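Taking it in order: structure first as structure tokens, then the write-up.
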Amino acid sequence: MTGLTRRAAIAGGLCTLTLAAAQSNPDWPDRPISMVHGFPPGGPTDLVARIVADGLTRRLGQRVVVEGKPGASGTTAAAQVARSAPDGYTLFAIPSGHTFAAATYKTLPYRTIDDFSMISMFTEYPYLMVTYADHSIRTVADLVNLARSSPTPLLYGTPGNGSGPHWRSNFSPERQRFASSMCRIAGAHRRRSI
């Protein structure tokens with residue numbers, strides 16, 4: 001049995017890259033580090049940020065504090081991080097929607113690529129389409145047929161405009177064949193099936 005956990009592997013990889021980036025300051029870190037993300041507490045981004053922060057705290061010997069700054073699909077947090085000093089004391093848990101921000105918003109107080117330096121990817125997760133077990137929908141084709149025959153638009157939930165699920169839902173081939181309407185779900189951890 002190995003002593004390497006999934007948590008340690010994630011945090012260890014990020015820690016190694018962070019240490020390499022901070023070699024110019026031999027005393028780094030000599031104070032707490034902030035890990036900022038743009039979503040409410042309890043959601044997937046917050047959970048993963050806390051797991052990584054815990055591992056980094058143990059490996060670096062300095063506290064890594066997770067700060068959730070919800071709003072505007074993560075762009076509020078991104079603006080805060082872009083304004084911070086590039087000294088290795090502010091990390092950003094970038095959500096998938098960050099890549100879509102420039103296409104979603106007319107103006108942003110930062111440049112989505114140039115104002116950030118990638119350290120490591122520490123997670124990936126799929127988008128799932130689910131319903132309750134006794135529902136007649138069993139396949140995507142079943143969903144499309146039901147939506148096309150419905151007199152009202154199909155409702156779907158996302159964390160908000162510009163989020164990964166919003167873009168996926170709007171530009172999927174299935175979406176182009178029927179009317180649908182997005183329902184913003186406040187807080188990614190509060191999603192419910194319809």
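The model shown is predicted, which means the values in this text are computed figures rather than measured ones.
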Task: For the student: nearest non-hydrogen atoms of V36 and A77, plus distance - done: CG1-CB, 3.7 Å
- [ ] Kindly give the heavy-atom pair with the smallest separation between A101 and T112, and that separation in Å.
- [x] CB-CG2, 4.0 Å
Open item on the list: If the condition is salt bridge (charged side-chain N to carboxylate O under 4.0 Å, His left out), which residues does D115 pass it with, not counting sequence neighbours?
Closed with: R111
Task: Heavy-atom closest pair, residues D142 and S136 - done: OD2-O, 3.8 Å
TODO: Return the set of residues passing side-chain contact (heavy atoms from CB on, under 4.5 Å) with A78 (not counting sequence neighbours), or none when no residue passes.
DONE: F92, H98, Y110, F116
TODO: With sequence neighbours excluded, give me every salt bridge (charged side-chain N to carboxylate O under 4.0 Å, His left out) pair touching residues 40-49.
DONE: D46-R50
TODO: Measure the OG-CG distance between S117 and L91 for me, rounded to the nearest 0.5 Å.
DONE: 11.0 Å
- [ ] Assess whether side chain to side chain contact (heavy atoms under 4.5 Å, CB included) is satisfied between L154 and L146, documenting all intermediate values.
- [x] CA-CA 9 Å; L154 177 74; L146 178 68; 5.8 Å; no
Open item on the list: How long is the straight-line distance from NE2 of H37 back to OG1 of T45, given to the nearest 0.5 Å?
Closed with: 7.0 Å
Task: Spacing of CG belonging to D87 relative to CH2 belonging to W28, to within rounding of 0.5 Å - done: 10.0 Å
Task: Closest heavy-atom pair and its distance - Y105, L108 - done: CB-CD2, 3.9 Å
Task: Under the side chain to side chain donor-acceptor pair (under 3.5 Å) test, residues paired with E67 that sit two or more places apart - done: S34
TODO: Enter the distance from R63:CZ to I33:CD1 here, rounded to the nearest 0.5 Å.
DONE: 11.5 Å
Task: With D27 via side-chain contact (heavy atoms from CB on, under 4.5 Å) - residues at least two apart - done: N25, D30
Task: salt bridge (charged side-chain N to carboxylate O under 4.0 Å, His left out) contacts touching residues 89-110 (sequence neighbours left out) - done: none
TODO: Rounded to the nearest 0.5 Å, what's the gap from CD1 on I137 to OG1 on T131? Could you check?
DONE: 6.0 Å
TODO: Identify, with sequence neighbours excluded, every residue that meets side-chain contact (heavy atoms from CB on, under 4.5 Å) alongside P153.
DONE: A179, S181
- [ ] Taking all non-hydrogen atoms of both residues into account, name the closest pair between V66 and A53 and its distance.
- [x] CG2-CB, 3.6 Å
Open item on the list: Could you see if I94 belongs to whatever hydrophobic cluster contains I51? Use Ile, Leu, Val, Met, Phe, Trp, Tyr and a side-chain cutoff under 4.5 Å.
Closed with: no
Open item on the list: Checking S150 now: which residues fulfil side chain to side chain donor-acceptor pair (under 3.5 Å) with it, not counting sequence neighbours?
Closed with: T152
Open item on the list: I need the minimum non-hydrogen distance between P29 and Y89, along with the two atoms involved.
Closed with: CA-OH, 3.5 Å
TODO: Could you label the plane-to-plane angle of the H135 and Y132 rings as parallel, tilted or perpendicular, counting under 30° as parallel and over 60° as perpendicular?
DONE: perpendicular
Task: Partners meeting salt bridge (charged side-chain N to carboxylate O under 4.0 Å, His left out) with R138 (sequence neighbours left out) - done: none
Task: Set of residues satisfying side chain to side chain donor-acceptor pair (under 3.5 Å) with respect to T104, sequence neighbours excluded - done: W167
Task: Side-chain heavy atoms of V52 within contact of T123, under 4.5 Å - done: no
TODO: Considering only Ile, Leu, Val, Met, Phe, Trp and Tyr, and joining two whenever side-chain heavy atoms are under 4.5 Å apart, list the other residues clustered with M121.
DONE: M118
- [ ] Applying side-chain contact (heavy atoms from CB on, under 4.5 Å), name anything that partners S84, two or more places apart in sequence or on another chain.
- [x] V81, T90
